[in-house]
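Everything on this sheet refers to the single structure shown next.
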There are 2 protein chains.
Amino acid sequence: MKKTAEEAARTRQDLLDAALGVFSRKGYHATRLVDIAAEAEVTRGAIYHHFGNKAGLYRELLDSASMVGSQIVTEAVQQGGTFIDILQRILVMTFARVENDRRLQDIMALYLFNTDLADELTDIREKVRQESITMIDGIAAQMQMGIDTGQLRPGISAHTYARSFIAYQNGVVDLWLGNPQAFSLTKEGAALADAFLRGFAYQID
Amino acid sequence: MKKTAEEAARTRQDLLDAALGVFSRKGYHATRLVDIAAEAEVTRGAIYHHFGNKAGLYRELLDSASMVGSQIVTEAVQQGGTFIDILQRILVMTFARVENDRRLQDIMALYLFNTDLADELTDIREKVRQESITMIDGIAAQMQMGIDTGQLRPGISAHTYARSFIAYQNGVVDLWLGNPQAFSLTKEGAALADAFLRGFAYQID
DNA sequence: TTATACTAACATGCGTGTATGTATGTTGTC
DNA sequence: GACAACATACATACACGCATGTTAGTATAA
């Protein structure tokens with residue numbers, strides 16, 4: 001019955017993958033550990049062996065799921081262009097990747113729909129909150145550069161720009177997750193990014 | 001033990017109010033009927049008497065909570081102004097009202113975080129989905145007018161404008177609900193709306 | 001031979017729903 | 001308008017299932 005070390009690591013990863021899918025689809029409370037175990041083709045015992053309990057699994061999962069969005073950002077920055085070009089690219093790439101990457105969908109869902117977190121998970125909520133704050137701060141620093149170089153309209157604070165940006169990004173993804181058949185993130189992504197970054201208002205030059 | 005007819009209606013409403021608060025804070029699965037009953041200062045028996053079961057209570061709640069956003073829209077339209085002015089006003093009013101109205105906060109949370117809805121509530125999810133579709137269609141019709149009258153930039157479809165708009169509105173509210181102390185929806189509302197509607201890009205006229 | 005990676009069986013608690021009880025409003029009848 | 005007959009608005013207590021966590025067992029890698 002005992003498996004080799006790498007086999008064990010594999011089932012551990014399988015459990016994390018399965019948990020990500022089920023948690024993001026059904027929420028924390030509604031997911032039954034037996035569903036996760038079944039999807040990973042083990043029994044619940046494996047979960048308790050690797051993660052101690054349900055909350056431990058969720059904890060681990062969130063740690064492994066973090067720092068995914070940052071990869072897209074660095075990739076978009078590397079391709080160069082103006083400040084607005086980069087912001088546009090971040091949105092377009094995020095939208096397209098969400099539509100085509102099931103795993104990323106699940107991670108986004110996990111971050112966006114973190115209600116119904118049990119009392120025993122308040123520390124997790126707090127951690128996510130802190131992470132989002134530092135993320136906003138980081139984006140705000142970038143936005144400040146955009147303001148300083150005259151590529152962003154003045155009169156709006158860097159933090160407002162930052163909040164506006166990720167609010168939009170999350171809002172679009174959220175909307176799509178709620179009804180994926182309604183529209184295509186890949187096809188409409190560029191227009192959605194354009195409408196946001198260039199604004200709705202028609203300014204005659 | 002039997003109360004007068006209007007007393008009964010009162011406890012029924014108390015239960016709905018209590019349910020809105022608890023459901024929106026903890027999610028469907030995590031809320032215990034005893035919590036709702038306690039907050040309404042009755043026992044669970046009252047819930048089963050008035051609503052049959054937990055799902056019935058949630059169902060009723062969602063019906064009574066619907067059609068709140070439309071009120072803001074009509075109010076914003078009545079005040080007149082250009083198309084962009086009205087859109088701006090809708091955002092600003094929504095943001096400000098969310099920050100100051102606990103009930104509206106709960107309703108928004110209920111709509112935004114509708115994950116973890118039990119298998120017995122798939123019909124509710126479907127209903128919410130349908131409502132959001134017709135809402136988007138309605139907004140798109142308005143946006144089409146904005147395009148036709150040259151007040152919205154051409155080259156973007158009415159539906160994309162509509163999705164963009166409510167994605168942003170929801171995104172900002174979602175962001176704030178996740179961390180209300182981080183910023184003030186009332187104070188930053190105008191800037192957030194402005195950044196969105198006029199765009200980030202600095203266009204030199 | 002020992003620690004590991006689980007499986008299987010069991011115990012426990014908790015939350016929903018239901019059945020019953022009860023006090024009181026409400027309605028018809030004379 | 002008084003009084004029975006019934007309906008209502010809950011409270012209380014119980015039954016039941018289900019999901020978590022725990023413990024014991026087993027096979028095998030190290």
Side-chain angles (χ1 to χ4, degrees), chain A residues 1-19 21-61 115-124, chain B residues 1-19 21-23 25-62 115-124:
Chain A
M1 180 51 60
K2 183 187 177 188
K3 295 180 179 173
T4 188
E6 62 180 326
E7 278 175 324
R10 174 61 192 231
T11 61
R12 182 191 163 87
Q13 188 57 46
D14 287 348
L15 280 170
L16 283 172
D17 291 343
V22 183
F23 276 137
S24 66
R25 255 174 282 137
K26 309 178 64 166
Y28 182 79
H29 261 93
T31 67
R32 317 294 162 191
L33 291 184
V34 67
D35 295 333
I36 295 173
E39 197 164 309
E41 292 174 330
V42 287
T43 63
R44 291 186 308 112
I47 293 176
Y48 285 96
H49 174 68
H50 282 292
F51 306 103
N53 56 20
K54 188 178 181 180
L57 173 57
Y58 192 85
R59 230 174 288 265
E60 276 264 344
L61 182 63
T115 334
D116 93 309
L117 257 49
D119 299 338
E120 75 214 75
L121 289 168
T122 44
D123 57 326
I124 301 240
Chain B
M1 179 52 59
K2 184 186 179 189
K3 297 182 178 173
T4 189
E6 62 180 325
E7 278 176 326
R10 174 60 193 230
T11 62
R12 183 190 164 88
Q13 187 57 46
D14 286 348
L15 281 170
L16 283 171
D17 291 343
V22 183
F23 275 136
R25 256 175 280 136
K26 309 177 67 167
Y28 182 79
H29 260 94
T31 67
R32 316 297 161 191
L33 291 185
V34 67
D35 295 334
I36 294 174
E39 198 165 310
E41 292 175 329
V42 287
T43 64
R44 291 186 308 113
I47 294 176
Y48 286 97
H49 173 70
H50 281 291
F51 307 102
N53 57 20
K54 188 178 180 180
L57 173 57
Y58 193 84
R59 230 175 290 264
E60 275 265 344
L61 181 63
L62 227 63
T115 334
D116 96 309
L117 256 49
D119 299 339
E120 75 214 76
L121 289 168
T122 45
D123 59 326
I124 300 244

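Labels below follow one simple rule: chain letters A, B, ... track the order of the sequence lines, proteins then strands, and each chain is numbered from 1.
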[atom1] of [X] versus [atom2] of [N]: gap in Å, rounded?
{"X": "A:Ile36", "N": "D:dG21", "atom1": "CD1", "atom2": "C1'", "answer": "15 Å"}
{"X": "B:His50", "N": "D:dA9", "atom1": "NE2", "atom2": "P", "answer": "6 Å"}
{"X": "A:Asp35", "N": "D:dT20", "atom1": "CG", "atom2": "P", "answer": "9 Å"}
{"X": "B:His49", "N": "D:dT12", "atom1": "NE2", "atom2": "C1'", "answer": "16 Å"}
{"X": "A:Ile47", "N": "D:dT23", "atom1": "CD1", "atom2": "C1'", "answer": "17 Å"}
{"X": "A:Glu41", "N": "C:dT7", "atom1": "CD", "atom2": "C1'", "answer": "15 Å"}
{"X": "A:Lys3", "N": "C:dA3", "atom1": "NZ", "atom2": "C1'", "answer": "17 Å"}

Heavy-atom side-chain proximity of [X] to [Y] below 4.5 angstrom:
{"X": "A:Leu57", "Y": "A:His50", "answer": "no"}
{"X": "B:Glu60", "Y": "B:Leu16", "answer": "yes"}
{"X": "B:Phe51", "Y": "B:Leu61", "answer": "no"}

### Summary
With sugar-phosphate taken as primed atoms, P, OP1 and OP2 and all else as base, the protein-contact string of nucleotides 11-18 of chain C at under 4.0 Å (heavy atoms; B, S, -) is ----SBBB

### Task
Could you pick out which residue, B:Ala9 or A:Glu6, lies toward the 5' side of DNA chain D when each is mapped onto its nearest nucleotide?
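The residue whose closest nucleotide sits nearer the 5' end is B:Ala9.
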
### Task
With sequence neighbours left out, write down each residue that passes ring pair (Phe, Tyr, Trp, His ring centres under 6.0 Å) with B:Tyr58, or none if nothing qualifies.
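B:Tyr58 satisfies ring pair (Phe, Tyr, Trp, His ring centres under 6.0 Å) with B:Phe23, B:Tyr28 only.
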
### Message
Does A:Gln13, at its CD atom, have more than 12 non-hydrogen atoms belonging to other residues, nucleotides or ligands within less than 6.0 Å?
### Response
yes

### Query
Considering residues, nucleotides and ligands other than B:Glu120, do more than 12 of their heavy atoms fall under 6.0 Å from its CD?
yes

### Message
What contact category does A:Ala46 fall into here, base, sugar-phosphate, or nothing, at under 4.0 angstrom with non-hydrogen atoms?
### Response
base

### Query
When all nucleic acid strands are considered with a 4.0 Å heavy-atom cut-off, which category describes A:Thr4: base, sugar-phosphate, or nothing?
sugar-phosphate

### Query
Just how far is it from atom CZ of B:Arg59 to atom CG of B:Leu121, taken to the nearest 0.5 Å?
6.0 Å

### Task
Output yes when at least one side-chain N/O atom of B:Thr11 is less than 4.0 Å from OP1 or OP2 of D:dA9, else no.
no

